Amino acid sequence: MAKVSENYGTMVFNDYTMQERLPSATYKTLAKTIKEGKPLDEEVANVVAHAMKEWAIERGATHYTHWFQPLSGITSEKHDSFLDPTADGRAIMTFSGKELIQGEPDASSFPSGGLRATFEARGYTAWDPTSYAFIKDEVLCIPTAFCSYTGEALDKKTPLLRSMSAIEVQAKRVLAHFGDGDKHVVTTVGSEQEYFLISEKDYAQRQDLVLTGRTLFGAPPCKGQELEEHYFGAIRPSVNEFMKELDNELWALGVPAKTKHNEVAPAQHELAPIYTNTNRAIDENLLTMEKMRLLASHYGLVCLQHEKPFEGINGSGKHNNWSISAGKVNLLDPGDTPMDNLRFLVFLTGVIQAVDEYQELLRMSVASAGNDHRLGANEAPPAIISIFLGDELGEIVDALIDGHEYCNAEKVAMDLGVAVLPNFLKDNTDRNRTSPFAFTGNKFEFRMPGSAVNLSDANMILNTAMAKSLKEFADEMEGKEGAEFEAAAIAYVKRTLTDHQRIIFNGNGYSDEWPIEAEKRGLANHRTTADALPCYIDQKSIDLFEEFGVLNEAEVHSRYEVKLEKYNKLLNIEIRVMKRMARRTYLPAINEYIGELASTLNSIKAAAPGADTTQQEETLGKLLDGVAKAFSALKALDTFHKEVEALEDEQEKANRYAHEGTPLMEALRTEIDLLEKLTDRDHWPVPTYNDILFYV
Ligand code: ADP
Ligand code: MG
C-alpha cells in the first residue's frame with residue numbers, strides 16, 4: 001500500500017494540483033476569483049475545465065457531476081459522462097468551462113418548501129470554487145451551490161457561504177481597530193462524527209432499522225453500557241479493517257481523518273477530522289458519512305447514522321467545533337499581550353451575545369425527529385442552550401461583570417482591568433460534557449447536533465448571529481481610536497456580558513435542577529422538533545437573516561416548511577412501520593407461542609393430572625394479558641394516526657405527533673418489549689438488542 005503521504009489528496013483537484021496543472025496566468029486568475037468570491041470568466045473556466053478533465057481521466061474518471069446539498073440535507077448527484085461521439089463513429093472526452101461552472105439538474109423532485117412551482121422546475125447548480133473538486137467512484141464531483149432561476153437558494157450551501165461573507169465583513173471592521181482589518185476571515189469547523197456498526201444479517205431482519213434507521217421495538221439488552229468497557233476499548237478486527245479502508249479512502253479524498261475510537265455504547269464508534277474552513281468541513285463531513293455507509297458493506301456491516309438507533313443506550317451526535325480566524329490567527333485563542341487579550345474578549349463576548357440572543361434558532365438548527373430522542377436523554381445535552389466557559393474563564397467573566405479585579409497568581413492584572421490570559425487556557429482539560437455549547441480552550445464545541453444532520457444550518461445561524469454581534473460592536477466603536485477605543489471596548493464588553501450573563505452555565509446540564517433554573521433565567525426549552533421549528537419564521541429571525549443577506553423571507557419560510565414536512569413524514573413512516581410490525585411480525589409470533597404453550601399445558605394436564613403447572617399457567621396468563629394490552633395500544637395508535645394524517649395544517653400535525661403520537665408509540669413499544677422478555681427465544685421473529693449489539 002502506498003504511503004499515507006503519497007496517497008493523501010490524490011483524488012482532489014486541490015491547490016497543489018491546480019498550480020501543477022494550470023498555466024500560471026490561469027492559476028493566478030482562479031486563485032484571485034476564489035479569494036474574492038467573484039464569478040469565473042468563461043475563458044478561464046474553459047482552461048480550468050480542460051485541465052480538470054485530463055487530470056480526472058488519468059485517475060479513471062468517466063463521468064462528472066455537480067455535487068450539491070438540496071434542502072433534504074443529503075448530497076445529490078447526477079452523473080454525466082465526458083463522452084462525446086464523433087461523426088466517424090469514435091468518441092472523444094470533453095468537458096467545457098460552462099459545464100464546470102453551471103449545471104441544470106431537473107430540480108422538480110427536490111424539496112423546495114413552495115419556493116419553486118413545478119412548472120418552472122428548473123434550478124441551476126454553480127461551482128463553489130472554495131471547495132475542491134474530487135473524484136469519487138470514477139466520477140469527477142464538483143461541489144456546487146443550488147439555486148432557482150430567480151436567484152433563491154434551494155440548498156444548504158448557499159446560505160452558509162453567504163453567512164461566511166457576512167461574518168467576514170463585520171469581523172474585518174472589528175479587526176481594523178486592532179490593525180488587522182485586511183486579513184481574510186473565515187470560520188472553521190471540526191466535526192466529530194459518531195456512528196454505529198452492526199451486522200448486515202441482523203439489519204436485514206429488522207424492518208424498523210431498514211425503513212426508519214432506528215429500532216422501534218426492542219427490550220434492553222442484559223448488559224448495556226454500564227461497564228464502560230467499550231469506550232476507547234480494543235477495536236473489533238472487522239471494524240478495524242473497516243476503519244483502515246475508510247481512512248485510506250478519506251485521505252485520498254483529502255479529508256484529514258485524524259482520530260478514530262470506540263464510543264461509550266456497544267457497537268458505537270467515532271471519527272474526527274482535523275478542522276478546516278466551514279464550507280469545506282461540511283462537504284468533507286458529508287463525504288465521510290457517505291463513505292462510511294458504503295464501505296461498511298465490504299465487511300458485512302451496516303453503518304447506522306441515526307441519532308438514536310437503540311433505546312436505553314447512547315445515541316450518536318456530531319460535535320461541531322467552531323472558531324473564527326483571521327489569516328493564521330485563531331480569534332478565540334486567548335492571547336498573551338493586552339491587545340490580543342482585548343481582541344479575544346471582544347470575540348468571546350460576541351459569541352456569548354449571539355448564542356444568547358439567538359438561542360432558539362440554534363436549538364432549531366439541530367431539531368429533527370431523530371435528535372428528539374437524544375437531546376435531554378441522559379447522554380446528550382438538554383434541549384436548553386447554555387454556554388460553558390470553564391472555571392478560569394468563568395471567573396474572569398464574573399470579575400468583568402462585577403467590576404472587581406481578577407487576581408490569580410499565574411495571571412497579571414493589567415491597567416485595562418483585564419487579566420492577561422496566558423496560553424495555558426488552551427490546555428484547559430476541565431471539559432464539561434453536559435454542556436451544549438462549551439468553550440474548549442480556543443474554540444467552542446456545539447454538542448447538540450445529531451449524527452445525521454447536515455451542519456450547514458447550525459453554522460449558518462451561528463455565523464449570522466455572530467456577524468450581528470460584531471456589527472453592533474463595530475458600529476459603536478466607529479471613529480474611536482487608541483485609548484478611547486480601548487476604554488469604550490472594555491465598557492462594551494462589560495455591559496454586553498452583563499446583559500447576556502444568563503446564558504452562561506458552568507454546572508451539570510444533566511441535573512434535574514437545571515431545567516428549573518433555566519426557566520427562571522428565561523432560557524428557552526423546546527423539547528421537540530414541533531416546538532423548536534416555529535421560531536425560524538419569527539420576525540426576529542427573518543430580520544436577522546435579511547439584515548445580513550443570508551436568507552430572504554421566502555427562503556426562510558421554505559426552509560421552515562421543508563423541515564416541518566420532513567418531520568411529519570418521518571413520524572408517519574415510523575408509525576406505519578410500527579403498526580405493520582406489531583400486526584404482522586410480533587403478534588403472530590407471540591400468538592403462535594401462546595398456542596404451543598396452551599397445548600403443552602393441556603398435554604401435561606392430560607398426562608399428569610394434578611401436576612404443578614404454575615409456571616405454564618402464569619406465563620400463559622402474562623402473555624395473554626400482554627397481547628391484549630399491546631392490541632389496545634395498537635388500536636389507540638391507529639386511531640390517532642388516521643386522525644392526524646387527515647389534518648391539513650403541517651404545524652398542527654407536527655404538534656400532535658410530538659405531544660400525543662410519541663407517547664402512543666412508546667406505549668405500544670413498552671407492551672411488545674415486555675412480551676419479548678416472556679416469549680421463547682426461538683419464536684421471537686427478529687434479532688434482539690443482545691444479538692445486534694454484542695456481535696462477534
Ligand atoms: P476533543 O477532546 O473534543 O476530541 P480535540 O482537541 O481533539 O477535542 O478537537 C476536536 C475537534 O475540534 C477536531 O476535529 C479538531 O480539529 C477541532 N478543532 C480544533 N481547533 C479548532 C478550531 N480552531 N476551529 C474549529 N475546530 C477546531
Ligand atoms: Mg469533542
Side-chain angles (χ1 to χ4, degrees), residues 8 160 163-164 167-168 171 183-195 231-232 243 246-247 250-251 253-264 268-289 292 314 316-335 340 343-344 347-348 350-351 354-355 379-381 387-390 393 421 423-449 451 453 455-456 458-463 466 509:
Y8 193 83
L160 177 74
S163 76
M164 289 175 74
I167 199 171
E168 172 163 33
K183 295 223 174 94
H184 183 38
V185 176
V186 291
T187 55
T188 50
V189 161
S191 56
E192 302 164 56
Q193 178 73 44
E194 290 179 339
Y195 60 98
Y231 192 54
F232 283 18
M243 287 178 168
L246 180 63
D247 276 344
L250 291 176
W251 290 335
L253 286 164
V255 178
K258 170 91 173 157
T259 318
K260 52 183 179 185
H261 60 82
N262 283 353
E263 258 301 329
V264 175
Q268 193 186 28
H269 313 279
E270 179 184 301
L271 182 144
I274 295 171
Y275 71 96
T276 181
N277 293 1
T278 305
N279 57 326
R280 276 196 30 216
I282 291 171
D283 286 353
E284 289 176 359
N285 174 250
L286 292 167
L287 256 181
T288 302
M289 291 173 75
M292 282 176 170
N314 282 1
S316 299
K318 171 151 53 200
H319 295 171
N320 187 82
N321 294 274
W322 180 93
S323 191
I324 171 169
S325 62
K328 292 202 178 343
V329 182
N330 179 352
L331 299 169
L332 289 178
D333 211 345
D340 280 358
R343 187 189 62 201
F344 165 72
F347 279 88
L348 177 78
V351 178
V355 173
E379 51 166 75
I387 297 181
F388 169 81
L389 291 178
L393 192 57
L421 319 175
N423 270 328
F424 69 79
L425 259 178
K426 228 188 292 186
D427 309 317
N428 188 346
T429 45
D430 182 16
R431 301 281 174 85
N432 180 338
R433 296 280 166 196
T434 69
S435 173
F437 205 94
F439 184 70
T440 50
N442 58 1
K443 61 186 188 290
F444 276 96
E445 183 167 344
F446 185 30
R447 302 202 179 102
M448 271 185 169
S451 49
V453 79
L455 287 174
S456 300
N459 286 291
M460 177 264 288
I461 288 165
L462 199 51
N463 292 346
M466 181 67 175

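Side chains included, hydrogens not; waters and symmetry mates left out as well; all remaining heavy atoms used. Being a predicted model, the structure only gives us computed values, none of them experimental. Every number for a ligand or one of its atoms is a count from 1 in the order of the listing.
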Chemist: Which atom names give the shortest non-hydrogen contact between Asn330 and Leu332, and what distance separates them?
Modeler: OD1-N, 2.9 Å
Chemist: List ligand 1 atoms under 4.0 Å from Asn330, heavy atoms only on the residue side.
Modeler: 23 (N)
Chemist: Check each atom of ligand 1 against the heavy atoms of Ile274 and keep those under 4.0 Å away; list them by number with element.
Modeler: 16 (O)
Chemist: Looking at Trp322, Phe388, Phe437, which one forms a ring pair (Phe, Tyr, Trp, His ring centres under 6.0 Å) with Phe444?
Modeler: Phe437
Chemist: What atoms of ligand 1 come within less than 4.0 Å of a heavy atom belonging to Pro273?
Modeler: 13 (C), 14 (O), 16 (O)
Chemist: Where is the tightest heavy-atom contact between Leu246 and Thr288, given as atom of each residue plus distance?
Modeler: CD1-O, 4.5 Å
Chemist: Using a 4.0 Å heavy-atom cut-off, say whether Thr188 meets ligand 1 through its side chain, its backbone, both or neither.
Modeler: both
Chemist: Among Glu192, Lys443, Gln193, Glu445, whose heavy atom sits nearest atom 5 (P) of ligand 1?
Modeler: Lys443
Chemist: Measure across Gln268 and Ser316 and return the closest heavy-atom pair with its distance rounded to 0.1 Å.
Modeler: NE2-OG, 3.1 Å
Chemist: Locate the shortest heavy-atom distance separating Tyr8 from Val255; write the atom from each residue and the value.
Modeler: OH-C, 3.8 Å
Chemist: With a 3.5 Å cut-off and no angle check, do the side chains of Thr278 and Asn459 form a donor-acceptor pair?
Modeler: no
Chemist: Answer yes or no: does an N/O atom from Ser191 fall short of 3.5 Å to an N/O atom of ligand 1?
Modeler: no
Chemist: Report yes or no: does Lys258 have a heavy atom closer than 4.0 Å to ligand 1?
Modeler: no
